[in-house]
A.B. asks: 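Pasting a structure here, questions to come.
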Amino acid sequence: MNAIEFLTSLIRSGKLYSLEIGSTLGEVNRSIRCDFIDDVSKSGLSMRRDYGFFEFSFNSGPEWVISAVSIQMHRLASNYEMAGEWQRGMGTLFPRYTAWRELQDALSQVEECPSLTVKDQGDFIEYRADATNISIIVNNDHAKRDCSVGQGDLWSVSLWSATRSQ
């Protein structure tokens, strides 16, 4: 699967690799086959799992459960080796840069694609799919591609919880 196919599916469904908000840490362990670093908060109430350019946030309870997932696309521009590890572990190929226009074109071909609201954030533009709790951040700083993303490239794509985490 390529990145555009993966991201289109995520935006349409609010799920990645069958995981969604509320999935348990055990389900993540069975689904994601890449190296990671865990960082538990001092309070012990939250945890961040960093897979390089994928970051999962968890809330504690009887089990750790996903509260958010962020795909930090901009990290690939300066450390593309992360994409190779992800492809080997997960079978999804991400390019060094992903243009919003390319993803937007793919989304326009998808039936039942959620509507996107647009919010200008200065150097970024946010496209939000409230129906699936997805936020797409696009670089808007007029930079050229190099060791960072360029104008119109994806900065991040995030799945977030519609309810406030404790």
A.B. asks: Determine the minimum heavy-atom distance between Met90 and Cys34, stating which atoms define it.
C.D. replies: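 Of all heavy-atom pairs spanning Met90 and Cys34, the closest is CG-SG, 3.9 Å.
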A.B. asks: Measure across Ala129 and Leu116 and return the closest heavy-atom pair with its distance rounded to 0.1 Å.
C.D. replies: CB-CD2, 3.5 Å
A.B. asks: Of all the heavy-atom pairs spanning Leu19 and Ser23, show the shortest one and how long it is.
C.D. replies: CA-OG, 3.7 Å
A.B. asks: Given 3.5 Å as the limit, does a donor-acceptor pair link the side chain of Arg75 with the main chain of Gly52, or not?
C.D. replies: yes
A.B. asks: Considering only heavy atoms from C-beta outward, does the side chain of Leu154 approach that of Val149 to under 4.5 Å?
C.D. replies: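 No - every pair of side-chain heavy atoms lies 4.5 Å or more apart.
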A.B. asks: Indicate yes or no for a side-chain donor-acceptor contact from Glu27 to the backbone of Thr24 under 3.5 Å, with no hydrogens or angles considered.
C.D. replies: yes
A.B. asks: Could you measure the distance from the CD atom of Glu5 to the OG atom of Ser9? Nearest 0.5 Å is fine.
C.D. replies: 9.5 Å
A.B. asks: Side-chain contact, heavy-atom cut-off 4.5 Å: Asn140 with Asp123?
C.D. replies: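 Asn140 does not reach Asp123 side chain to side chain.
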A.B. asks: To the nearest 0.5 angstrom, please state how far the CG atom of Leu10 sits from the CG atom of Leu103.
C.D. replies: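 Between atom CG of Leu10 and atom CG of Leu103 there are 9.5 Å.
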A.B. asks: Would Arg49 and Phe36 count as a cation-pi pair here, with the cationic atom under 6.0 angstrom from the ring centre and within 45° of the axis?
C.D. replies: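 Judged by the rule, Arg49 and Phe36 form a cation-pi pair.
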A.B. asks: Between OH of Tyr51 and CD1 of Ile71, what distance do you get to the nearest 0.5 Å?
C.D. replies: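 Spacing of OH (Tyr51) from CD1 (Ile71) equals 13.0 Å.
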A.B. asks: Without swapping roles, check the side chain of Ser67 against the backbone of Ser57 for a donor-acceptor pair under 3.5 Å.
C.D. replies: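 Indeed, once roles are kept as given, a pair shorter than 3.5 Å links the two residues.
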A.B. asks: Enumerate the residue pairs fulfilling salt bridge (Lys or Arg N to Asp or Glu O under 4.0 Å) with a member in residues 130-157, sequence neighbours excluded, ordered by first and then second residue.
C.D. replies: Arg145-Asp153
A.B. asks: Hey, does the side chain of Gln151 reach the backbone of His142 with a donor-acceptor pair shorter than 3.5 angstrom?
C.D. replies: yes
A.B. asks: Using modelled atom types only, decide if a donor and an acceptor are shared between the side chain of Glu102 and the backbone of Ala99 within a distance under 3.5 Å.
C.D. replies: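 Checked: no pair found.
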A.B. asks: Rounded to the nearest 0.5 Å, what separates atom CZ in Arg48 from atom CZ in Phe58?
C.D. replies: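 Here the rounded value is 11.5 Å.
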A.B. asks: If you take all heavy atoms of Ala131 and Pro114, which pair is closest and at what distance?
C.D. replies: CB-CB, 4.0 Å
A.B. asks: From Cys113 SG over to Arg12 CZ, what is the distance, rounded to the nearest 0.5 angstrom?
C.D. replies: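 Rounded to the nearest 0.5 Å, the SG-CZ separation comes to 9.0 Å.
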A.B. asks: Short question: side chain of Ser60, backbone of Leu45 - any donor-acceptor pair under 3.5 Å?
C.D. replies: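 Flag set: sc Ser60 to bb Leu45 pair under 3.5 Å.
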A.B. asks: Return the minimal non-hydrogen interatomic distance between Phe124 and Asn139, and the atom names on each side.
C.D. replies: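 Where Phe124 meets Asn139 most closely, the heavy atoms are CD2-CA, 4.1 Å.
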A.B. asks: In terms of the angle between their ring planes, are Phe54 and Tyr17 parallel, tilted or perpendicular, with boundaries placed at 30° and 60°?
C.D. replies: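 Tilted.
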A.B. asks: CE of Met73 to CD1 of Ile137: how many Å apart, nearest 0.5 Å?
C.D. replies: 13.0 Å
A.B. asks: Does Glu126 have any salt bridge (Lys or Arg N to Asp or Glu O under 4.0 Å) partners at least two apart in sequence or in another chain, and if so, which?
C.D. replies: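 Per chain and number, Glu126 pairs via salt bridge (Lys or Arg N to Asp or Glu O under 4.0 Å) with Arg128.
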A.B. asks: Quick check: does any side chain N or O of Thr132 sit under 3.5 Å from a backbone N or O of Ile11, one acting as donor and the other as acceptor?
C.D. replies: yes
A.B. asks: Counting N and O atoms only, with roles assigned by atom type, does the side chain of Thr8 sit under 3.5 Å from a partner on the main chain of Ile4, one being a donor and the other an acceptor?
C.D. replies: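 Yes: the side chain of Thr8 pairs with the backbone of Ile4.
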A.B. asks: Closer than 3.5 angstrom, by distance alone: can the side chain of Ser41 be matched with the main-chain N or O of Ser46 as a donor-acceptor pair?
C.D. replies: yes
A.B. asks: Is it true that a side-chain atom of Trp160 and a backbone atom of Ala68 form a donor plus acceptor pair closer than 3.5 Å?
C.D. replies: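 No.
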